[in-house]
There are 2 protein chains.
Amino acid sequence: MRRLEGMADPGELQATRDEGLHDLGWALGAVLRTWLKATSHAVDDLPGGPRGYQVLSMATGGPCRTQAAMAERIGVDRTVMTHLIDDLEAAGLVERRPDPSDRRARRVELTPRGRSRYAELASRIDDVERAVLSGLDDASVGELRDLLLRAASALDDQPIDACDVAMEFQLDR
Amino acid sequence: MRRLEGMADPGELQATRDEGLHDLGWALGAVLRTWLKATSHAVDDLPGGPRGYQVLSMATGGPCRTQAAMAERIGVDRTVMTHLIDDLEAAGLVERRPDPSDRRARRVELTPRGRSRYAELASRIDDVERAVLSGLDDASVGELRDLLLRAASALDDQPIDACDVAMEFQLDR
DNA sequence: TATTGTTATACTCTATAACTATA
DNA sequence: TATAGTTATAGAGTATAACAATA
């Protein structure tokens, strides 16, 4: 039941690798908290803050075009997404358009103004993210990003059902 | 301004490495959300849920022994930490003891019951974390954990001031 | 019958302010 | 004067329920 003390030395981290994933949740939280704080400032007056930025990002392309798909991707309730898009639309950055393949759904599309705003913010966010990960060298930053994207994408494809995992324990013991 | 489409193919990820850190925030959020959902079930009736578990974890050792230090480490307000420890103490898992080096502060220590409860939960959490990262092979899981711990520890040592980063932009442009 | 999106409402969670004790 | 901890309160954020339209 040994714990990390200094925690900054890669050698020490290495030594505990086989004992478990200790502090994975803490590390995820610490990095994400910093990301949120830093990006909040970087997007300053954008409606919705970092979340508004993520909506703009999804609206530039990718598989998530409708409100429901966007909401699920960034982990917010569909009612929250409604307000988020209300605000972005009021700011003239996005528009709701009917989805030709499903008349219940709405496609969220960038206005020209939204497109240029996104380009500007994307550059800022990139700088912020590099600052957040400034404790790592460039190669490590790339590796971390790839690993996170692979892990997150796998969850997207095959979501972990918390109940299933809980069941496994009970079978194990 | 190219965006990822499929997003699951490492080759494609590689190709965009030099173009920016796109979707780093999304990936962090997606993995952490799953971690929270899964660990919430794994600790079921523990007061405070995953956060309560993190408090127990800190109380087993490491540099954060007082409420203030613990609160800062896991990113909650000190008032929240008060309630968190109230509940854990009521459940007989931790005790507040005077800090010999600072009579304002309180050291949070595990009771024998808290110690055995933690040992049990730590094993579950470890299984859950492996399930959350089941999209990666074992070697990648270890790499991801090390990189996250290094990034988070660096933030701990030298916190990124969001305002400073924001200032840099204004100087750059 | 299930899903998309909207609205209004209720709830949870978090931060704020004020206070005591100590540094 | 600043910090650790507690308490009560106010505020922000979130989920819930009900609804209309469509699948």
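Since we're looking at a predicted model, the values are computed, not measured. Here is the naming used below: chain letters follow the sequence lines, and residue numbers restart at 1 for every chain.
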Ion pair check, B:Arg130 and B:Asp126, cut-off under 4.0 Å
yes
note: A:Met81, atom CE; D:dG13, atom P; distance rounded to Å ~ 16 Å
Rounded to whole Å, the CD-C1' distance (B:Glu95 to D:dG5) equals 18 Å
As a check of understanding: the bend across the helix from C:dT1-D:dA23 to C:dA23-D:dT1, end axes from five pairs, rounded to 10 degrees, works out to 20°
Contacts of A:Arg96 meeting salt bridge (charged side-chain N to carboxylate O under 4.0 Å, His left out) (sequence neighbours excluded), chain-then-number -> A:Asp86, A:Glu89
Is there side-chain contact between A:Val94 and A:Thr111, with at least one heavy-atom pair below 4.5 Å?
no
Here the distance between atom C1' of C:dT9 and atom NE2 of A:His83, to the nearest Å, is 11 Å
note: A:Leu88, atom CG; C:dG5, atom C1'; distance rounded to Å ~ 16 Å
Practice problem: For side chain to side chain donor-acceptor pair (under 3.5 Å), just list the numbers for B:Trp26 and A:Gln54, CA-CA rounded to whole Å, side-chain angles, deciding distance to a tenth of an Å, and then say yes or no. | Solution: CA-CA 8 Å; B:Trp26 167 75; A:Gln54 288 182 304; over 6 Å; no
| request: Would you confirm whether A:Ser153, through its side chain, and A:Leu149, through its main-chain N or O, come within 3.5 Å as a donor-acceptor pair? | output: yes
Between the side chains of B:Asp99 and B:Arg103, is the shortest nitrogen-to-carboxylate-oxygen separation below 4.0 Å, so that they form an ion pair?
no
>> Students often get this wrong, so: under 4.0 angstrom with heavy atoms, is B:Arg107 touching a base, only sugar-phosphate, or nothing?
In response: nothing
Note: B:Pro47 and B:Leu93 closest approach over all heavy atoms is CD-CD1, 4.5 Å
Item to check | Side-chain N or O of B:Thr82 closer than 4.0 Å to phosphate OP1/OP2 of D:dT6 | outcome: yes
Closest heavy-atom pair, B:Met70 versus B:Val55, reported as atoms and distance to 0.1 Å, is CE-O, 4.1 Å
Separation of C:dT3 atom C1' from A:Asp99 atom CG, nearest Å, is 13 Å
Could you walk me through whether B:Ser140 and B:Asp137 pass the side chain to side chain donor-acceptor pair (under 3.5 Å) test, one step at a time?
-> CA-CA 5 Å; B:Ser140 296; B:Asp137 56 275; 2.9 Å; yes
note: A:Asp86, atom CG; C:dT6, atom C1'; distance rounded to Å ~ 9 Å
Protein heavy-atom contacts under 4.0 Å, written 5' to 3' over nucleotides 16-23 of chain D as B (base), S (sugar-phosphate only) or - (none), form the string BBB--BBS
